[in-house]
Trainee: 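Got a structure for you, written out below as structure tokens; questions coming shortly.
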Amino acid sequence: MDTLHIYNTLSREKEKFEPIKEGFVGIYVCGPTVYGDPHLGHAKSYVSFDVVIRYLRYLDYRVRYVQNITDVGHLTDDADQGEDKLEKQAAIEKLEPMEIAEKYTYNYFRDMDALGVQRPDISPRATGHIIEQIEMVKKLLENGHAYETDGNVYFDVSSDEDYGKLSGRDIDEQESGSRIETASDKRSPEDFALWKKADDGHIMKWPSPWGMGYPGWHVECSAMSTKYLGEHFDIHGGGMDNQFPHHECEIAQSKGAHNKPFANYWMHNNMVTLEGQKMGKSLGNAISLHQFFSGDHELLSRAWDPQIIRFFLLQSHYRSTTDFSEDALSGAENGLRSLQEMVQTIDQADPENAGDTSYDLESLRSSLESKLNDDFNTAQAIAVLFEELKAIRKDINSGKIPANIEEISLFLHDFVDGVLGLWPQEEQSLGADDKTEQLIELLIDFRNKARHEKNFELSDAIRDRLEEMGIKLMDGPEGTDFKIEN
RNA sequence: GGCGACGUGGCCGAGUGGUCAGGCAGAGGUCUGCAAAACCUCCUACGGCGGUUCGAUCCCGCCCGUCGCCUCCA
């Protein structure tokens, strides 16, 4: 595709992307509820949207990326009588709810940073926007979309004829399913809470026109997206599990409060599964990212570099489920290393020795762009990279460095680093400073001397001992090269 | 029960009405003192049964299986 197309959950089709304001994109993505460490499922979501943001910027859009931090308001079971998740975790850890929020917010960014996920431009906290949420509830009451009963305010779903459109639900049929328990003071079972009255035991509560209470689950995203992106903006994203009811409710609230369309494009990433089961905090089968990075989990045999996780996720499409296994991760690791070695070979090729023939960079560029233009198909873009970079490396290895090697290298920085975030990491991490390198060179010299004297016992011993230390020697026609591995 | 999605070679995973994904693993070969790397070649799959079609993995129907949402969740 020659222009960006995005699969829009609203229409169930890929649509040509046209921003509201030429050259600018406002995007909101549902962020985490900070009462536990982020896990692989969060990684899938935020790595996916990270590439979306990076690619939009690569296309020269000015992007404002807003992703909330939910530090209040989500409940453990039934919306009407549950316990705040943060409060519950606070009780377990014997901390203030806000300590829980801070702790897990830090952990969230720590792990996302490790994955190379660029930070949002704005990370608004729900508790920092209580006033905005109250204002929104007021507007909904004024507009006749909500009603108050004894300190609780509910959204009147029957007042919104589009309710159910995003998730493809028919409200009338929903009722017959009747797994929804009707709270005594709701007019209709599918009405959802905008503001809840807090009982005495509730710690996180605020004064409001309806008495002491706390916001319902969905208002925060409507209030904060409106505040930072406007009443009508371009893209709203999140996990598929939030499609209903969360996003449906957001749409109903925002449209009801402003009498305007809300987000134009709705993007939903699919789930990560573990042995075929959805990985989720509440299911207790989630492996946290920190556990991946440290290897400290009974299902893991070793630690996994964050970049491997990132590459693993980008090898599948964001709208497909990703089934996790260590075998798959291990395959991803080898693939990533091989891709990065190609990138490095190209990046380090000496332009001084370039030949007369140019590589068709425009063709590579347009081919990669066409893959990402097709609803961010990172899996195909990566396949193109493998094929094309292999061809370039082949030329370099056979001494035919393309004349435009510098442009190729610049482009790879833009794309492999800038868009995919998969640039090879610095090798110095092991401490390969100048002295170390000189020592390795010295050993290589001695080893090659031994080889010339056909003393292979000694030369192989040097090679083996170095390999034990993670230093790999490779004999080529131009001499011996070495590589330091973790 | 309602709504939705998926089922691709040893593994992961794109995609398409008629050549080819790609990666990992594996096999053979070139090169090399050996090894590694690199390069070449091979492994040619689309849950089952029908239908549409000159032709279907891709379209339609049914069946089987798996999963998601309908409750907080990325």
Side-chain angles (χ1 to χ4, degrees), chain A residues 12 29-33 35-36 38-49 70 73-80 82-85 88 164 167-170 173-181 190 217 237-246 268-273 276-283 286 311-312 315-325 327-336 338-339 341 345 371 374 377-387 390 393-394 396-398 451-452 454-456 459-460 463-464 467 472-477 480-481 483:
Chain A
R12 320 259 152 184
V29 174
C30 284
T33 306
Y35 68 98
H39 54 75
L40 193 57
H42 294 94
K44 166 137 180 138
S45 190
Y46 300 120
V47 165
S48 300
F49 285 106
T70 296
H74 285 213
L75 304 163
T76 46
D77 38 57
D78 187 85
D80 301 308
E83 187 180 7
D84 189 299
K85 281 189 166 175
K88 192 180 172 189
S167 52
R169 269 157 224 273
D170 187 323
E173 280 181 23
Q174 285 289 300
E175 282 185 75
S176 57
S178 83
R179 266 187 57 188
I180 311 161
E181 284 182 34
E190 60 274 6
W217 355 320
M240 236 170 215
D241 48 356
N242 273 331
Q243 199 170 299
F244 187 90
H246 186 56
H268 290 101
N269 64 274
N270 216 317
M271 302 290 102
V272 172
T273 56
Q277 296 285 334
K278 177 186 163 187
M279 189 180 279
K281 270 191 245 192
S282 48
L283 297 170
F311 180 74
F312 170 66
Q315 264 191 312
S316 66
H317 190 86
Y318 75 89
R319 280 191 291 112
S320 302
T321 52
T322 302
D323 192 36
F324 157 78
S325 69
D327 278 353
L329 265 193
S330 165
E333 172 171 40
N334 292 334
L336 174 67
S338 132
L339 182 72
E341 272 163 32
T345 303
K371 302 304 184 192
D374 186 6
N377 198 327
T378 51
Q380 287 207 341
I382 288 170
V384 168
L385 277 177
F386 269 105
E387 285 200 315
K390 201 179 274 185
R393 175 177 61 183
K394 201 169 146 187
I396 292 173
N397 282 346
S398 59
R451 286 175 70 207
H452 285 130
K454 300 214 186 288
N455 185 350
F456 297 125
S459 67
D460 288 355
R463 185 176 63 199
D464 293 346
E467 188 158 356
K472 203 167 208 169
L473 301 191
M474 288 161 295
D475 300 321
T480 302
D481 208 0
K483 191 167 76 177

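A, B, ... follow the sequence lines: proteins, then strands. Residue 1 opens every chain. Computed from heavy atoms alone, side chains included, the values below leave out hydrogens, waters and symmetry copies.
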Trainee: Between B/rG7 and B/rU57, how far is it from one C1' atom to the other, in whole Å?
Mentor: 12 Å
Trainee: Starting at atom CD of A/Glu333, determine the distance to atom P of B/rC11, rounded to an integer number of angstrom.
Mentor: 21 Å
Trainee: Using the C1' atom as the reference point in each nucleotide, state the distance between B/rU52 and B/rC62 in Å, no decimals.
Mentor: 15 Å
Trainee: Once rounded to the nearest 0.5 Å, what's the spacing between atom NZ of A/Lys44 and atom CE of A/Met271?
Mentor: 8.5 Å
Trainee: With a 4.0 Å cut-off on heavy atoms, is A/His317 in touch with a base, just the backbone sugar-phosphate, or nothing at all?
Mentor: sugar-phosphate
Trainee: Specify the separation, in whole Å, of atom CG of A/Asp481 and atom P of B/rA37.
Mentor: 14 Å
Trainee: Does B/rU32 have a Watson-Crick or wobble mate here (both distances under 3.5 Å), and if so which one?
Mentor: none
Trainee: Please pick, from B/rC11, B/rA74, B/rC34, the nucleotide with the shortest atom-to-atom distance to any side-chain atom of A/Arg451.
Mentor: B/rC34
Trainee: Name the nucleic acid region contacted by A/Tyr46, choosing base, sugar-phosphate or nothing; use a 4.0 angstrom heavy-atom cut-off, strictly under.
Mentor: sugar-phosphate
Trainee: Using a heavy-atom cut-off of 4.0 Å across all strands, would you classify A/Leu473 as base, sugar-phosphate, or nothing?
Mentor: base
Trainee: Measuring only the C1' atom in each nucleotide, how far is B/rC58 from B/rU8? A whole number of Å is fine.
Mentor: 11 Å
Trainee: Going by atom types alone, do A/Ser320 and A/Asn270 pair a side-chain donor with an acceptor below 3.5 Å?
Mentor: no
Trainee: For the side chain of A/Ser316, starting at C-beta, report the closest nucleotide among B/rA25, B/rC40, B/rA14.
Mentor: B/rA14
Trainee: Taking the minimum atom-to-atom distance to the side chain of A/Phe312, which one of B/rC12, B/rA74, B/rG33 wins?
Mentor: B/rC12
Trainee: Pick the closest RNA chain B nucleotide for A/Met271 and for A/Lys454 by heavy atoms, then say which residue is nearer the 5' end.
Mentor: A/Lys454
Trainee: Just to be sure I understand the rule, does A/Ser338 reach a base, reach only the sugar-phosphate, or reach nothing, if contact means heavy atoms closer than 4.0 Å?
Mentor: sugar-phosphate
Trainee: Has A/Arg393 got a side-chain N or O lying under 4.0 Å from the OP1 or OP2 atom of B/rC39?
Mentor: yes
Trainee: Enter the distance from A/Met474:CE to A/Thr480:OG1 here, rounded to the nearest 0.5 Å.
Mentor: 9.5 Å
Trainee: Using the P atom in both, what is the distance from B/rG65 to B/rG51, to the nearest Å?
Mentor: 24 Å
Trainee: Take the angle between the ring planes of A/Phe49 and A/Tyr318 and call it parallel below 30°, perpendicular above 60°, tilted in between.
Mentor: tilted
Trainee: Could you let me know what B/rG9 is paired to, Watson-Crick or G-U wobble, both distances under 3.5 Å, or none if it's on its own?
Mentor: none
Trainee: Would you mind telling me which of B/rG13, B/rA74, B/rG23 lies closest to the side-chain atoms of A/Phe386?
Mentor: B/rG23
Trainee: Would you indicate what A/Glu387 reaches in the nucleic acid, counting non-hydrogen atoms under 4.0 angstrom: base, sugar-phosphate, or nothing?
Mentor: sugar-phosphate
Trainee: So, does A/Asp374 use its side chain to make a donor-acceptor pair with the main chain of A/Asn377 at under 3.5 Å?
Mentor: no
Trainee: Report which part of the nucleic acid A/Gly237 touches: base, sugar-phosphate, or nothing (heavy-atom distance under 4.0 Å, all strands).
Mentor: nothing
Trainee: Answer with base, sugar-phosphate or nothing: what part of the nucleic acid does A/Lys390 contact at a heavy-atom distance below 4.0 Å?
Mentor: sugar-phosphate
Trainee: Please state whether the phosphate of B/rA74, meaning OP1 or OP2, lies under 4.0 angstrom from any side-chain nitrogen or oxygen of A/Thr33.
Mentor: yes
Trainee: Working to the nearest 0.5 Å, report the span between CD1 of A/Ile382 and CD of A/Glu387.
Mentor: 13.5 Å
Trainee: Within the pair A/Asn334 and B/rA25, is there a side-chain N or O less than 4.0 Å away from OP1 or OP2?
Mentor: yes
Trainee: What nucleotide among B/rC24, B/rA21, B/rC11 has an atom nearest to a side-chain atom of A/Ala383?
Mentor: B/rA21
Trainee: Counting only Watson-Crick pairs (N1-N3 plus N6-O4 or O6-N4) and G-U wobbles (N1-O2, O6-N3), all under 3.5 Å, who is the partner of B/rA14?
Mentor: none
Trainee: Looking at every strand, decide which applies to A/Gly41 at a 4.0 Å heavy-atom threshold: base, sugar-phosphate, or nothing.
Mentor: base
Trainee: From B/rC11, B/rA37, B/rG68, pick the nucleotide closest to the side chain of A/Lys278?
Mentor: B/rG68
Trainee: For atom P, what is the distance between B/rG61 and B/rG4, given to the nearest Å?
Mentor: 12 Å
Trainee: With no angle test and no hydrogens, is the base of B/rC34 tied to the side chain of A/Asp475 by a donor-acceptor pair under 3.5 Å?
Mentor: yes
Trainee: Tell me whether the OP1 or OP2 atom of B/rA38 has a side-chain N or O from A/Ser398 closer than 4.0 Å.
Mentor: no
Trainee: Are A/Lys281 and B/rA74 close enough that a side-chain N or O sits under 4.0 Å from OP1 or OP2?
Mentor: yes
Trainee: Look through every strand shown and name the nucleotide pairing with B/rC69 as Watson-Crick or G-U wobble, where both distances are under 3.5 Å.
Mentor: B/rG2
Trainee: Mapping A/Lys394 and A/Asp374 onto RNA chain B by nearest heavy atom, which one lands closer to the 5' end?
Mentor: A/Asp374
Trainee: Side chain of A/Phe244, heavy atoms from C-beta onward: which of B/rC69, B/rG33, B/rC12 has the nearest atom to it?
Mentor: B/rC69
Trainee: Counting only side-chain N and O atoms of A/Gln277, is one of them less than 4.0 Å from OP1 or OP2 of B/rG68?
Mentor: yes
Trainee: Closest to the A/Asn377 side chain: B/rA14, B/rG2, B/rA37?
Mentor: B/rA14
Trainee: Any N or O donor-acceptor pair linking the side chain of A/Asn270 to the base of B/rG68 at under 3.5 Å?
Mentor: no
Trainee: Who does B/rC42 pair with, Watson-Crick or G-U, both distances under 3.5 Å?
Mentor: B/rG26
Trainee: Provide the distance between the two C1' atoms, one in B/rC49 and one in B/rC11, to the nearest whole Å.
Mentor: 29 Å
Trainee: Would you give the length of the straight line joining atom CD of A/Gln315 to atom CG of A/Leu339, rounded to the nearest 0.5 angstrom?
Mentor: 9.0 Å
Trainee: Between B/rC40 and B/rC24, how many Å separate the two P atoms, rounded to a whole number?
Mentor: 13 Å
Trainee: A/Asp323 near the nucleic acid: base, sugar-phosphate alone, or nothing, with a heavy-atom cut-off under 4.0 Å?
Mentor: sugar-phosphate
Trainee: What does A/Ser325 touch in the nucleic acid at a heavy-atom separation under 4.0 angstrom: a base, only the sugar-phosphate, or nothing?
Mentor: nothing
Trainee: Is there a Watson-Crick or G-U wobble partner for B/rG61 with both distances under 3.5 Å, and which nucleotide is it?
Mentor: B/rC49
Trainee: Using the P atom as the point on both nucleotides, what is the distance between B/rA5 and B/rC59, in whole Å?
Mentor: 12 Å
Trainee: Rounded to whole angstroms, how far apart are OH on A/Tyr318 and P on B/rA74?
Mentor: 19 Å
Trainee: Does the ring of A/Phe456 lie flat against the base of B/rG33, closer than 5.5 Å centre to centre with planes under 30°?
Mentor: yes
Trainee: Supply the atom-to-atom distance A/His268 NE2 to A/Ser45 OG, rounded to the nearest 0.5 angstrom.
Mentor: 9.5 Å
Trainee: Is B/rC20 paired to anything, Watson-Crick or G-U wobble with both distances less than 3.5 Å, and if yes, which nucleotide?
Mentor: none
Trainee: Between A/Thr273 and A/Thr321, do the side chains contain a donor N or O and an acceptor N or O under 3.5 Å apart?
Mentor: no
Trainee: If you look at every strand shown and take non-hydrogen atoms under 4.0 Å, does A/Met240 touch a base, only sugar-phosphate, or nothing?
Mentor: nothing
Trainee: Establish whether the base of B/rC34 is bridged to the side chain of A/Arg463 by a donor-acceptor pair shorter than 3.5 Å.
Mentor: yes
Trainee: What nucleotide among B/rG33, B/rA38, B/rA74 has an atom nearest to a side-chain atom of A/Val272?
Mentor: B/rA74
Trainee: Which distance, rounded to the nearest 0.5 Å, do you find between the CE of A/Met279 and the CZ of A/Phe324?
Mentor: 6.0 Å
Trainee: Of all the nucleotides listed (B/rC34, B/rA38, B/rG2), which has the minimum atom distance to the side chain of A/Asp460?
Mentor: B/rC34
